[in-house]
Amino acid sequence: SFKTVKICLITDNSWVKDSLVKLIDFECNFTHLENAEDVNISFDFIFVDMQVNNNGGPSMVRELKRSEKVIDSSIVLLVDREADSFQAKRVGADSYLLKPLEKTKLKNLFT
């Protein structure tokens, strides 16, 4: 049986949320939160905006990677510039995507 992908996005920016939702063209279980503290179950993918709560994205990623609750989640940092990709590595994100999000890059994550 096909499992519905569980996706969580942590951002306080509606533009980021809308662009991600628009690019997801498959059946999924989508959750939008504004704080990493509100994540209390595992998702297949947790997208964390670089700029959430005044640039708190990287520290949220670090927090999530330490959390037992989301141990099986793949954590993706949404960065503003290619230069921010080192931050994603430094805080232990599983991958990163550059904003504005591109459909092909997003698809590659899910395959």
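Values reported hereafter were calculated over all heavy atoms of this structure, with side chains retained and with hydrogens, waters and symmetry mates removed. Throughout, residue positions are numbered sequentially from 1 according to the sequence presented.
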Treating [X] as the side-chain partner and [Y] as the backbone partner, does any N or O pair qualify as donor plus acceptor under 3.5 Å?
| X | Y | value |
| --- | --- | --- |
| Asn29 | Val5 | no |
| Asp18 | Trp15 | no |
| Lys6 | Ser42 | yes |
| Asp38 | Leu33 | no |

So, for [X] and [Y], which heavy atoms are closest and what is the spacing to 0.1 Å?
| X | Y | result |
| --- | --- | --- |
| Asn108 | Thr111 | O-OG1, 3.2 Å |
| Asp12 | Glu34 | CB-OE1, 3.9 Å |
| Thr11 | Val52 | CA-CG2, 3.7 Å |
| Gly57 | Val48 | O-CG1, 3.6 Å |
| Met60 | Asn53 | CE-ND2, 3.2 Å |
| Ala36 | Glu63 | CB-OE1, 4.0 Å |

Would you call [X]-[Y] a salt bridge at under 4.0 Å N-O?
| X | Y | answer |
| --- | --- | --- |
| Lys107 | Asp25 | yes |
| Glu102 | Lys105 | yes |
| Lys99 | Asp80 | yes |

Is it possible for you to say whether [X] and [Y] belong to one hydrophobic cluster, with membership spreading through side-chain heavy-atom contacts below 4.5 Å?
| X | Y | result |
| --- | --- | --- |
| Leu23 | Phe26 | yes |
| Ile41 | Val61 | yes |
| Val91 | Phe86 | no |
| Phe30 | Leu109 | yes |

With rounding to the nearest 0.5 Å, note down the distance linking [atom1] in [X] to [atom2] in [Y].
| X | Y | atom1 | atom2 | result |
| --- | --- | --- | --- | --- |
| Leu77 | Asp49 | CG | CG | 8.0 Å |
| Arg66 | Ile71 | CZ | CD1 | 13.0 Å |
| Ser73 | Lys69 | OG | NZ | 11.5 Å |

Between [Y] and [X], is there a side-chain heavy-atom distance shorter than 4.5 Å?
| X | Y | result |
| --- | --- | --- |
| Ser19 | Lys22 | no |
| Phe47 | Leu97 | yes |
| Thr31 | Leu9 | no |
| Arg90 | Gln87 | yes |
| Val39 | Ile46 | yes |
| Met50 | Pro58 | yes |

Side chain to side chain donor-acceptor pair (under 3.5 Å), that's the test. Do Asn13 and Gln51 meet it? Break it down for me. CA-CA 8 Å; Asn13 183 325; Gln51 295 301 340; over 6 Å; no

Hits for ring-ring contact (aromatic ring centres under 6.0 Å, His included) against Phe45, two or more places apart or cross-chain, chain-then-number order -> Phe110

